[in-house]
Amino acid sequence: MVSIDFIPLDYDSFDFEERNYVKIIGRTPSGKRVCLIDEYGSYFWAILKSGISEKKIKELQEKIGKITIKDGPRNSNVIKTHLENKKFLGKEVKAIKIIISNYKDTQRFSEKLKLQEIDKIRELDVNYITRYIIEKQLIPSYWYKLEGEEISNSSEFGGISNNLDCDIVIKAEKITKIENEKQFIPKVLAFDLETDDFEIGKGKILMISLVSEGFKKVLTCKKIPSMPDYVEHYNDEADMLEAFIKYFKKISPDILTGYFSDSFDLPYLKSRCEKLKIKLNIGIDNSIPKFSGGVNPKGRISGITHIDLYQFIETAYSQYLQSETLGLGDVANELLGEKKVVHEFKRSEKMKEEEWRNFFAYNLQDAVLTYKLFMKAWSDMVEFSKLMQEPLFNISRDGMSANVEHYIIHNLYKYNEIAERKPLHDEISQRRSREKYEGAFVLQPIPKLYENIVMFDFTSYWPSIISTFNLSRSTFLGEKQAKDSKSKNALEVDTGKKKYFFLKEKGFFPQMLEEVIKLRKQYKSEYKLHPSPILKARSNAFKLIANASYGYQGFFGARYYCPEASASATAISRKFIKEVIEKAGKSGFKAIYSDTDSICLEMSKKTNSQALEFLKKINSELPGIMELELEDFYKRGIWVTTRKGEFGAKKKYALINHEGKMKIRGFETVRRDWCNLARELQNQVLEKILKEGNEKSALELTKQLIKLIKERKIERKQIIIRTQLKKPLSEYKAITPHVTIARKMLAEGMPVNQGMLIEYYIAESDNKKALKRERAFLPDETKPYDIDYYLKNQVLPAVENIFQVFNINVNDLIEKQTKNQKSLSEF
DNA sequence: GCTTTCGCTGTACC
DNA sequence: ACTGGTACAGCGAAAGC
């Protein structure tokens with residue numbers, strides 16, 4: 001018997017003599033690599049119809065107990081059955097727990113269970129590892145004391161330990177959670193490839209960068225006269241790949257990370273190794289990386305957690321990032337404040353020595369930035385895996401709906417609930433075609449420059465509504481029937497279209513949410529008292545889960561899909577925000593604007609403390625855990641009309657607080673599909689107006705810029721328009737400028753991928769009626785820009801509505817200037 | 001042949 | 001396909017006259 005402390009990192013399973021075993025890789029506090037092996041038989045539930053006699057149930061259990069699978073790839077049997085009183089969607093049920101010898105036969109067993117007494121079979125689709133984590137409570141990223149028999153270098157399980165790059169292999173007997181808040185720092189290896197063709201299977205690998213603690217190298221098969229000292233040269237690609245494998249094994253990391261490495265670097269590496277007949281045996285059992293998932297491949301390396309950092313950044317950070325793309329360069333710049341080395345891609349045979357030198361630096365830096373970003377994201381990943389209770393491999397790739405669902409599944413046992421199944425194929429298409437339900441309320445603003453504004457918003461609006469009003473799949477009682485009067489124990493929600501009933505007795509989902517909100521509040525205040533990246537990450541993970549839970553209930557792929565709950569939540573949201581608007585009016589504040597959970601009020605002659613008193617009054621009248629809070633006081637704010645100029649535009653405003661900090665929403669300034677010229681001018685115009693309270697100097701600035709545009713003094717980079725290619729080029733029905741440019745790029749042999757930002761500018765044309773797409777050119781083309789287009793379609797639209805607030809028509813300004821200029825040049 | 005309408009597309013807000 | 005609905009705006013082609 002041995003006993004060690006360890007932290008589980010990578011979860012896997014294997015079969016031995018037709019039984020399932022869990023294989024978990026972790027580390028001890030002193031850095032030894034541990035492999036835990038545990039026998040574990042999976043199970044599922046047969047939920048019985050009500051009113052079946054005990055005798056019948058006994059007979060049924062016996063019958064089930066004898067089921068065997070012999071026609072499959074292995075012999076499987078039922079190990080044990082167990083009758084239990086459980087809950088399913090909140091209702092009491094009797095269910096038989098069926099423990100089987102091999103989870104891979106789950107489906108085969110269920111097919112033999114189409115029996116009269118059985119109402120439903122459930123939890124066939126709960127992942128084996130997930131189930132193990134729930135049952136043994138061996139949650140990733142926490143510390144445990146592991147007791148068991150050491151089987152390192154033994155013949156157990158066919159000598160599995162002999163081929164394993166581990167310090168100790170233990171057959172688990174007892175696992176106990178220990179209190180250890182010590183943050184585990186993993187050994188991380190970041191890598192990046194440069195190739196001579198972007199398409200996997202076509203090109204060759206030119207260089208590989210590797211970055212780990214105290215380790216920075218570029219491996220290459222290209223030789224230039226004087227190599228930088230971090231570059232190691234190999235005779236050919238095969239030697240270089242062998243060297244990669246050698247270094248990988250020497251470093252023996254816990255985590256391999258890359259940026260887009262699931263879809264590019266790792267499959268590329270695998271493909272080249274296959275072609276060159278090199279065994280990419282980087283798994284701790286000497287296995288090669290395996291890919292699953294088809295369209296969105298996921299690369300798995302046995303015993304080593306491969307993390308494609310891009311995927312985690314996309315789900316966990318993208319909503320907070322200002323970056324206009326989620327590329328490594330933009331993200332590293334924003335999160336680390338480090339700029340990427342600029343490198344112009346050329347065909348490798350055309351590159352000169354200096355360019356190769358730069359290419360090496362570029363390659364190294366990609367791995368350096370990936371490494372640093374990973375370290376920065378580590379706390380968040382750990383907190384995610386602790387909250388969702390799923391391994392890091394999954395956490396780093398899952399979207400928010402999967403996160404919400406994992407949170408639910410891992411906590412169901414507290415409510416004695418059996419999990420609902422995932423929707424089947426037909427169900428999904430049915431759900432996807434459902435009508436949209438009405439969403440949140442947005443108040444139409446009156447265009448104006450306002451002074452002295454206060455903004456309030458509801459804290460965690462959606463989750464607080466769902467929790468307070470108990471809106472969920474298991475508490476939904478159905479639509480109101482005309483004759484229905486049995487609503488004593490139910491809450492009625494009038495969505496305007498339909499009336500829905502929900503049970504008053506708290507359901508598990510609203511209860512879980514309430515817990516999440518409570519803990520989020522607790523960690524947030526703890527963080528404010530003792531700021532640390534861990535507490536910040538923890539508070540943030542809870543916040544994200546809470547916010548995604550509303551969308552989850554309306555999502556077609558959800559186990560606990562309930563669009564009626566979503567529709568009810570929005571109906572309730574509309575009711576409360578409108579009430580606040582009305583009460584504000586009665587208390588002498590005037591609502592300028594409101595969107596979903598926020599409200600901007602004109603203070604008029606009211607003081608700040610009067611505004612806070614009003615807030616207090618509102619809160620005293622709010623039910624449950626609903627709460628309105630102060631967002632900020634603002635010195636000025638501006639709302640404008642829509643382009644047509646008929647009414648005030650929603651989702652578009654700019655504010656400045658008393659410290660001079662601006663908050664700009666919806667304006668072209670914050671839209672990446674407008675050129676920088678227009679965006680920067682608009683930003684400056686807004687700043688001047690908000691700071692000075694009038695339009696005078698902003699107008700001057702605009703006039704100056706118009707002059708510069710006409711004199712062709714604008715730099716090319718200022719007039720570039722960027723639009724994302726959101727789908728494969730072939731799927732476009734409309735031929736827009738960016739599609740035209742993308743086709744042109746493709747024809748010129750440039751890489752064009754779904755998701756990339758297409759850049760172009762608009763050039764002059766003799767044909768005045770030419771379409772925009774006919775005047776669109778690549779950034780490096782030489783045609784002079786179209787003055788008229790940039791004035792009338794970029795700069796003017798960006799500031800026109802702002803000056804309109806002051807009754808100034810900027811269009812006249814351009815026309816006048818144009819006339820003057822023409823008359824000058826004509827004479 | 002010109003103007004208006006409408007579907008497609010992308011982006012942002014919450 | 002991988003959380004929800006609301007809103008704005010530009011482009012290009014179809015529809016309307």
Side-chain angles (χ1 to χ4, degrees), chain A residues 293-296 311 314-315 319 322 324 397-405 422-423 425 428-429 431-432 434-445 457-458 460-463 466 544-558 560-563 565-567 569-571 573-574 577 593-599 631 640-644 646-653 663-674 721-727 731-740 757-758 762 769-776 789 793-794 797-798 801:
Chain A
V295 191
N296 296 314
Q311 311 226 37
E314 192 184 30
T315 48
Q319 67 174 125
Q322 304 287 304
E324 283 173 13
R397 287 169 177 80
D398 286 339
M400 284 318 289
S401 71
N403 285 334
V404 172
E405 201 148 279
K422 289 181 190 164
H425 190 267
I428 290 178
S429 47
R431 289 177 179 188
R432 290 189 68 196
R434 76 159 161 80
E435 251 179 70
K436 276 193 174 183
Y437 56 84
E438 190 182 343
F441 172 72
V442 187
L443 179 70
Q444 180 123 46
D457 56 26
F458 280 96
S460 309
Y461 203 30
W462 297 121
I466 292 169
L544 284 173
I545 273 297
N547 287 344
S549 58
Y550 153 73
Y552 170 81
Q553 294 201 93
F555 167 52
F556 59 80
Y560 295 101
Y561 177 71
C562 188
S566 306
T570 57
S573 84
R574 295 191 295 272
I577 199 79
Y593 181 65
S594 165
D595 185 347
T596 311
D597 62 346
S598 71
I599 176 166
E631 202 268 340
V640 300
T641 65
T642 61
R643 179 74 64 241
K644 282 184 177 170
E646 290 160 337
F647 39 73
K650 296 171 176 180
K651 302 192 186 283
K652 206 173 191 183
Y653 58 89
K663 176 172 178 156
I664 301 180
R665 292 292 121 98
F667 274 110
E668 284 74 7
T669 301
V670 298
R671 295 183 61 94
R672 69 171 180 193
D673 56 346
W674 282 72
I721 297 163
R722 295 174 190 83
T723 316
Q724 193 183 19
L725 201 64
K726 303 216 42 135
K727 48 189 177 185
E731 280 176 26
Y732 281 90
K733 288 178 195 159
I735 311 306
T736 56
H738 84 293
V739 169
T740 311
L757 274 188
I758 305 294
I762 302 302
K769 280 183 191 166
L771 293 171
K772 184 182 170 186
R773 68 170 177 231
E774 291 163 338
R775 291 178 287 148
Y789 173 82
N793 295 62
Q794 290 281 327
N801 301 328

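Numbered from 1 within each chain, the chains take letters A, B, ... in sequence-line order.
- Remark: A:E435 pairs with A:K497 by the side chain to side chain donor-acceptor pair (under 3.5 Å) rule, at least two apart or across chains.
- A search for side chain to side chain donor-acceptor pair (under 3.5 Å) contacts involving A:D673 returns A:R671, not counting sequence neighbours.
- In this structure, A:G557 reaches neither bases nor backbone, as no heavy-atom distance under 4.0 Å exists between it and the strands shown.
- Here A:Q553 lies out of heavy-atom contact (under 4.0 Å) with every strand.
- By the ring pair (Phe, Tyr, Trp, His ring centres under 6.0 Å) test, A:F556 pairs with no residue at all, sequence neighbours left out.
- Taking the six-membered ring where tryptophan is involved, the planes of A:Y593 and A:Y653 are tilted, since the angle between them lies from 30° to 60°.
- Considering only residues two or more places apart in sequence or on other chains, A:K772 meets the side chain to side chain donor-acceptor pair (under 3.5 Å) condition with A:Y789.
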Pick out the pairs of N or O atoms, protein on one side and nucleotides 14-17 of chain C on the other, that lie under 3.5 Å.
none

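- A donor-acceptor pair under 3.5 Å is formed between the side chain of A:T740 and the backbone N or O of A:T736.
- Within 4.0 Å of A:G551, counting heavy atoms only, lies at least one base atom of the nucleic acid.
- Rounded to an integer number of Å, the gap from CZ of A:R432 to P of C:dG4 is 9 Å.
- With sequence neighbours left out, the side chain to side chain contact (heavy atoms under 4.5 Å, CB included) criterion links A:K726 to A:Q724, A:Y732.
- In this structure A:Y560 satisfies the side chain to side chain donor-acceptor pair (under 3.5 Å) test with no other residue, sequence neighbours excluded.
- Contact annotation for A:V670: backbone-only contact, meaning every heavy-atom pair under 4.0 Å involves sugar-phosphate atoms and none involves a base.
- One atom, NZ of A:K422, and another, P of C:dT3, lie 13 Å apart when rounded to the nearest Å.
- Within the nucleic acid shown, A:Y653 comes within 4.0 Å of sugar-phosphate atoms alone, with no base atom in reach, counting heavy atoms only.
- In this structure A:Q311 satisfies the side chain to side chain contact (heavy atoms under 4.5 Å, CB included) test together with A:D262, A:D308, A:R397, sequence neighbours excluded.
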Between the protein and nucleotides 7-13 of chain C, list the N/O to N/O atom pairs that are separated by less than 3.5 angstrom.
{"from": "C:dA7", "atom 1": "OP1", "to": "A:K650", "atom 2": "NZ", "distance (Å)": "2.8"}
{"from": "C:dA9", "atom 1": "OP1", "to": "A:R643", "atom 2": "N", "distance (Å)": "2.8"}
{"from": "C:dA9", "atom 1": "OP2", "to": "A:R643", "atom 2": "N", "distance (Å)": "3.1"}
{"from": "C:dG10", "atom 1": "OP1", "to": "A:R643", "atom 2": "NE", "distance (Å)": "3.0"}
{"from": "C:dG10", "atom 1": "OP1", "to": "A:R643", "atom 2": "NH2", "distance (Å)": "3.4"}
{"from": "C:dC11", "atom 1": "OP1", "to": "A:K772", "atom 2": "NZ", "distance (Å)": "3.0"}
{"from": "C:dG12", "atom 1": "OP1", "to": "A:R773", "atom 2": "N", "distance (Å)": "3.1"}
{"from": "C:dG12", "atom 1": "OP2", "to": "A:K772", "atom 2": "N", "distance (Å)": "3.1"}
{"from": "C:dA13", "atom 1": "OP1", "to": "A:R773", "atom 2": "NH1", "distance (Å)": "3.2"}
{"from": "C:dA13", "atom 1": "OP1", "to": "A:R773", "atom 2": "NH2", "distance (Å)": "2.9"}

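- Here A:K727 lies in heavy-atom contact (under 4.0 Å) with sugar-phosphate atoms only.
- Rounded to a whole angstrom, the distance from the C1' atom of B:dG7 to that of C:dT3 is 26 Å.
- Residues satisfying the side chain to side chain contact (heavy atoms under 4.5 Å, CB included) criterion with A:T642, sequence neighbours excluded, are A:K644, A:F647, A:A649.
- At the heavy-atom level, A:Y461 lies nowhere under 4.0 Å from the strands shown.
- Not counting sequence neighbours, the partners of A:S460 by the side chain to side chain contact (heavy atoms under 4.5 Å, CB included) test are A:P463.
- A donor-acceptor pair is defined here as one N or O able to donate and one able to accept, closer than 3.5 Å; such a pair exists between the side chain of A:R643 and the backbone of A:P797.
- Residue contacts shown for A:S566 are absent, as no nucleic acid heavy atom lies under 4.0 Å away.
- Chain A approaches DNA chain B over the interval B:dC2 to B:dC14, counting the first and last nucleotide 5' to 3' with an atom under 4.0 Å from its heavy atoms.
- As judged by a 4.0 angstrom heavy-atom cut-off over every strand, A:R431 is placed among residues making no nucleic acid contact.
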